[in-house]
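Below is one structure; the comments refer to it alone.
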Amino acid sequence: MTVGVVVLSRLPGDAVERLRAEHEVRYRDEDSPVPVGDLPVLLSGAQAVVVTLGHRVDDAFLDAAGPGLQVVANVAVGYDNIDVDACRARGVVVTNTPGVLTDATADIAFALVLMATRRLGEAEREVRGGTGGGGWGMFHLLGTSVQGKAIGILGPGAIGLATARRARAFGMSVLLSGRSAPDPEAVAELDAEVVGFEELLERADVLSVHVPLSPATRHLVDAAALARMKPGSYLVNTARGPVVDEAALAAALGSGHLAGAGLDVFEDEPRVHPDLLGREDVVLLPHIGSATVETRTAMAGLAADNVLAVLAGREPLTPVR
Ligand code: GLV
């Protein structure tokens with residue numbers, strides 16, 4: 001049987017209703033990713049599929065959907081869960097959700113900067129554990145001030161630049177480094193310096209990772225890169241876990257070379273490297289960069305708009321090129 005649209009996970013807002021107004025929709029109203037074995041039944045005959053990050057879209061997925069599939073709409077800006085070449089080979093359009101999650105994710109990136117540098121996770125655990133030591137103390141839980149320090153943005157796309165704007169507002173200077181040149185207007189507005197990867201590592205007091213995951217960026221921040229970072233500096237990652245070699249990061253923290261880290265993403269989510277789990281100087285969040293009601297509603301709405309556009313024969317709003 002053909003079905004217009006398959007939505008593989010529960011979506012907020014009116015995205016599903018809007019899809020239903022125009023198409024037959026098979027809606028799996030559940031949060032957890034679909035067990036791979038259930039995909040053939042769910043996907044068969046789909047013209048469009050709305051997917052979330054827990055789903056891997058590969059040849060097996062595309063086979064399960066069959067030849068009628070026209071579009072895969074990812075409810076995320078990153079699309080490393082999708083084999084874009086395999087989709088392209090079958091003429092399947094891929095879309096993502098850039099723009100609508102920029103501020104929410106940059107908020108979490110800068111929250112992690114503050115949490116790591118001011119030791120907020122450790123402080124909160126101390127209070128909850130009842131070992132607060134009576135509160136204020138001259139030498140109690142001293143952190144590092146961000147004012148006058150340099151943030152290094154690895155990957156100055158929309159989220160990286162939005163994080164840099166927050167850093168400026170907190171009195172930090174901005175270094176930018178990436179594969180493509182950042183928007184000149186943003187560079188001027190941020191009074192930023194554009195530098196190479198190695199200089200970024202050597203000069204940043206806080207390195208914030210914003211590159212997408214690809215074969216070229218997997219373990220880009222490896223043991224050698226971490227060794228180049230300034231002694232006493234911090235690492236924050238809100239992009240994708242595998243960009244950072246977690247074992248090497250744990251070693252760099254263990255040796256005291258790095259002062260702390262803040263991570264919203266992990267190499268093998270939801271698993272966290274055991275050498276990081278036990279450390280007080282690492283802040284760990286469960287991939288909540290875009291997790292606000294407003295942002296997730298906008299992401300779902302944009303994914304629905306992309307599906308509606310493709311099925312109506314129009315250009316999608318935010319195609320992956
Ligand atoms: C979340 O990680 C996203 O890519 O949107």
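Remember, it's 1-based here, ligands and their atoms both numbered in the order they're listed. Nothing here was measured: the structure is a model prediction, and the numbers come from that model. One is the number of the first residue; the rest follow in order along the sequence.
Remark: ligand 1 atoms within the under-4.0 Å shell around heavy atoms of Leu101 are 5 (O). Close approach of ligand 1 to Ala76 (heavy-atom distance below 4.0 Å) involves ligand atoms 3 (C), 4 (O), 5 (O). Numbered from 1 in the order shown, with element, the atoms of ligand 1 that lie under 4.0 Å from a heavy atom of His287 read 1 (C), 2 (O). Near Leu53, the atoms of ligand 1 lying under 4.0 angstrom from a non-hydrogen atom of the residue are 1 (C), 2 (O).
At a heavy-atom cutoff of 4.0 Å, ligand 1 is contacted by no atom of Thr105, backbone or side chain. Proximity of Thr97 to ligand 1, defined as any heavy-atom pair under 4.0 Å, is not found for any part of the residue.
For ligand 1, the polar-atom distance check against Arg240 finds a nitrogen or oxygen pair separated by under 3.5 Å. Geometrically, ligand 1 and Gly78 share a nitrogen or oxygen pair separated by less than 3.5 Å.
Counting non-hydrogen atoms of neighbouring residues, nucleotides and ligands closer than 6.0 angstrom, the CZ atom of Arg125 exceeds 12 such neighbours. Residue Glu185 qualifies as open at atom CD: its count of foreign heavy atoms under 6.0 Å is 12 or below. Crowding of Arg56 atom CZ: a count of heavy atoms from other residues, nucleotides or ligands under 6.0 Å exceeding 12.
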Between Arg240 and Leu53, does a side-chain contact (heavy atoms from CB on, under 4.5 Å) hold up when you go through it step by step? CA-CA 11 Å; Arg240 285 292 181 268; Leu53 283 178; 3.5 Å; yes
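Atom 3 (C) of ligand 1 has its nearest heavy-atom neighbour, among Val77, Thr295, Asn96, Val100, in Val77.
One hydrophobic cluster, built from ILVMFWY side chains closer than 4.5 Å, holds both Leu207 and Val211.
A side-chain contact (heavy atoms from CB on, under 4.5 Å) with Asn74 is found for exactly one of Asn306, Val320, Val94, Asn81, namely Asn81.
Hydrophobic clustering, defined by side-chain heavy atoms of Ile, Leu, Val, Met, Phe, Trp and Tyr closer than 4.5 Å, leaves Val293 isolated from every other such residue.
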